[in-house]
Amino acid sequence: MRTLRIKNLHTAVEDTEILKGVDLEIRTGEVHAIMGPNGTGKSTLASTIMGHYKYRVTEGGIWLDDEDVLAMSVDERSRKGIFLAMQYPYEIPGITNSDFIKAAMQARLQEGEHISLFKFIKKFENAVKDLKMGNDLPHRYLNEGFSGGEKKRNEILQMKMLEPAFAILDEVDSGLDVDALKIVGENINKMRGPNFGALIITHYQRFLDYVDVDYVHIMLDGKIVRSGGKELIEAIDQKGYDWLKIELGLEDEEPKMRTGAVLGDCAFKKSKE
Amino acid sequence: MMNINPRDIIGPNDEYLFVEDGRIIEHSSGVPSFFIQRDADLKVIYHFNRSSEIEIRVSAGVNLNILEVFVDLAPDVDVSVNYILEPDAKVNLLSVKNSKQVGKARINANIELSRDAYINLNELASLPGACELVNRIILKEKGAEVDMKSVTLNSSGFKQTFSVQVFHNSGSTKSTLSSYGIAANASKLKISTDGIIKPGCAKAEMRQNTKGLILDPSSHVSASPILEIDNFDVVASHGASIGAIDEEALYYLMSRGIPRHEAEKLVISGFITPFLSAIPSERLQEWILSLINSYLR
């Protein structure tokens, strides 16, 4: 069993603190979901775990088993077993999907070892079939000209090929129709096992109808504020997030910001009076 | 520098020429001269110890596939390899320009195309020193066409210039130029593309595209496209884009476990894919890519 442990994680982008002390522990064999309104730091958490250069950790840490993840480069984190299915997968023209995945799989081998072309092709074909993607996928350029749904399914395909210990799925459900949601959910469920853990970031309960989830966490204002089981999903779906904000005494910052942006100084002073 | 061994390029059944300072010093039995009078697949290896000029003439109606490789150039030489395509000649030319010696070599290619002649020219240049590459293409008569893709790699630490001039001297002629330049190791690369459509040359078509990739903050790529058009009834376009290697692209590749230097190689190969795809043989494509990767290592 492996563990991904996040302790008191604070992350900033330029001078703005986005994560304000995240604590989370995921073990292989578990599927966790993180929900929360827009702008609460869910994708920032995902990008910080993966090591995106724009995000600066200012406090706290991340450990994969006993190893310090923050001391690893992006590619090292991946080779050690972390995978991020991105919210906005990047398009890279001129590189075919198959060359890309081959390079990623080759990077995991010892020097002098080479992947078996036959096994690679077989595995790739099966993954394409499982995700009901086109047979021309291997020869298409990486995400170029893909629809939103194709890009998300391509992320899941890469996950199936690379077999990580921990997969962070950042809003893979956005842009998917009902049928595609079902296919993606099924493929994630198929990967469940003692050697695989997942952290699913989503807004919507609907996707979580298709994925077997063990733990649910709610993120607000850069922190995980509530953890529980599937009952939390239903509560959010029925009541939204306001009840939780009220219960926790969290102020909604939006009205202040809106006023400051629309009115000039004089009007703002007058409204305060 | 690319490590090219001429004997690796030539297979046992290949037709070939070994050329030193403009003279043929060795050749296969079927091609004894620079005058190509029948269909051929030819490999030409060049060594230049002094300034020289060569003219390769392709007879009317002949189809020629030619791989030319410049293996070595003495510093400061001024060499020309010129092509004359007679009417309806069709040439696929893959030109690889390399040298072991650092200097200020200048390599010229003057290409003249007669009626309905066609040249598909793919050029890879990776030279040490402050070198200059000058291509001059003249579309003399109606139906003449050139399709040129070039990749210029400069990690010499010096300034290099790559220039192409295409003259549309007749109507109903066509030119398509795609120039890719990569600069690394504090090098500067200037890419100049001039397209000239003379008066009276209606229905001429001229398209130019230049792309530059800069691999480090001290390197520099500039594009200087010029279109001189003296007729209203033509099609002409040009575009240029220059940028540093995309960090988001690198991050995406690295997030799949690919080390940074391998990710850069992938991005570079993606950058020049239009050039590689135009090379007809997969074996040659792989060879070119391995040369590029070894040069940029």
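To find a chain, count down the sequence lines: A is the first, B the second, and so on, and within it residues start at 1.
The parts of B:Leu253 that come within reach of chain A are both its backbone and its side chain, each placing non-hydrogen atoms under 4.5 angstrom from that chain. With a threshold of 4.5 angstrom between heavy atoms, A:Ile95 approaches chain B through its backbone and through its side chain. For chain A, no part of B:Glu262 is nearby; none of its heavy atoms comes within less than 4.5 Å. Contacts of A:Pro89 with chain B are made by both backbone and side-chain atoms, with heavy-atom separations under 4.5 Å. Of the two parts of A:Leu84, the backbone and the side chain both hold a non-hydrogen atom closer than 4.5 Å to a non-hydrogen atom of chain B. If you measure heavy-atom distances from A:Arg77 to chain B, you find no contacts under 4.5 Å at all. Residue A:Leu142 touches chain B through its side chain alone, counting heavy-atom pairs closer than 4.5 Å. Contact annotation for A:Phe83: only side-chain heavy atoms (C-beta onward) come within less than 4.5 Å of a heavy atom of chain B.
Residues A:Ile201 and A:Gln87 are not in side-chain contact: their nearest non-hydrogen atoms beyond the backbone lie 4.5 Å or more apart.
In terms of modelled atom types and a separation under 3.5 Å, the side chain of B:Glu123 and the main chain of B:Ser95 share no donor-acceptor contact. With hydrogens and angles disregarded, no donor-acceptor distance shorter than 3.5 Å links the side chain of A:Arg192 to the backbone of A:Ile188.
No more than 12 heavy atoms of other residues, nucleotides or ligands shown are found within 6.0 angstrom of OH on A:Tyr88. Shown here is B:Lys90, whose NZ atom has more than 12 heavy atoms of other residues, nucleotides or ligands within 6.0 Å.
Separation of the B:Phe275 and B:Tyr180 ring centroids does not fall under the 6.0 Å cut-off.
Across B:Thr273, B:Val267, B:Leu276, the residue that shares the most heavy-atom pairs under 4.5 angstrom with chain A is B:Thr273. Between chain A and the residues B:Glu247, B:Arg260, B:Arg256, B:Met254, the most heavy-atom pairs under 4.5 angstrom are made by B:Arg256.
Judged by a 6.0 Å distance limit and a 45° cone about the ring axis, A:Arg140 is positioned over the six-membered ring of A:Phe146.
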